[in-house]
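So the structure is just underneath, and the comments pick up after that.
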Amino acid sequence: QVQLVESGGGLVQAGGSLRLSCAASRRILSSYAMGWFRQAPGKERDFVAAINWSGGLTYYVDSVKGRFTISRDNAKNTLYLQMNTLKPEDTAVYYCAAGPAGVGSIRLGRADYWGQGTQVTVSS
């Protein structure tokens with residue numbers, strides 16, 4: 001059984017930065033597409049960013065383009081999300097996900113594995 005563990009969340013002021021990490025319990029990343037999702041209180045979980053197995057293809061939701069960067073280090077079994085110029089509306093629990101079917105499926109939330117989430121709170 002594969003486990004994904006997110007870290008790096010916290011409280012930051014608007015305009016600040018955070019870097020989220022997602023560590024896999026075993027070597028799955030080299031063949032899986034991965035992504036980040038977020039869920040704000042009272043709302044559904046939404047897609048944020050996705051990356052293919054090699055890191056050569058990325059997708060972002062429009063609201064984070066130019067501010068967030070998704071990346072991966074397959075040698076370290078770790079996925080990252082660099083978040084800059086954070087806004088209060090970025091406040092949410094952030095989840096990472098992994099699946100073998102490619103970025104197209106990840107973008108739709110079709111993943112085999114999900115992390116437990118890490119809280120990001122952006123104060124105004």
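Remember, predicted model here, so these are calculated numbers, not experimental data.
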Over all atoms of both residues, closest heavy-atom pair of [X] and [Y]:
X: A111; Y: A98; answer: CB-O, 3.5 Å
X: N52; Y: V103; answer: N-CG1, 3.3 Å
X: Q82; Y: N84; answer: NE2-OD1, 2.9 Å
X: S124; Y: A14; answer: CA-CB, 4.4 Å
X: L81; Y: A49; answer: CD1-CB, 4.3 Å
X: D112; Y: P100; answer: OD2-CD, 3.3 Å

Side-chain heavy atoms of [X] within contact of [Y], under 4.5 Å:
X: I51; Y: Y32; value: no
X: E6; Y: Y95; value: yes
X: Q3; Y: Q116; value: no
X: L18; Y: V122; value: no
X: Y94; Y: M83; value: yes
X: I70; Y: L79; value: yes
X: F37; Y: E44; value: no
X: C22; Y: M34; value: yes

* Does K65 have any side chain to side chain contact (heavy atoms under 4.5 Å, CB included) partners at least two apart in sequence or in another chain, and if so, which? ->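 Testing K65 for side chain to side chain contact (heavy atoms under 4.5 Å, CB included), a comparison that skips the adjacent residues, returns Y60, D62.
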* **Geometric cation-pi criterion, R72 with W53: 6.0 Å, 45°** =>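 No, R72 and W53 do not form such a contact.
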* Asked: Does Y80 share a hydrophobic cluster with L4, counting links as ILVMFWY side-chain heavy atoms below 4.5 Å and allowing steps through other members?
  ->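 Each belongs to a different hydrophobic cluster.
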* To do: State yes or no: do L57 and V64 share one hydrophobic cluster built from I, L, V, M, F, W and Y residues joined by side-chain heavy-atom distances below 4.5 Å, directly or via other members?
  =>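 Same hydrophobic cluster.
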So, does [X] use its side chain to make a donor-acceptor pair with the main chain of [Y] at under 3.5 Å?
X: S63; Y: V61; result: no
X: R38; Y: D46; result: no
X: T91; Y: P88; result: yes

* To the nearest 0.5 Å, how far apart are OG in S25 and CG in N77? ->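 Result: 8.5 Å between the selected atoms.
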* To do: I would like to know whether T118 and L20 meet side chain to side chain contact (heavy atoms under 4.5 Å, CB included); could you show each step before the answer?
  => CA-CA 8 Å; T118 186; L20 304 184; 4.0 Å; yes
* Assert yes or no for the condition that the ring centre distance of W36 to F68 is strictly below 6.0 Å. =>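 No, the ring of W36 stays outside the 6.0 Å limit from the ring of F68, centre to centre.
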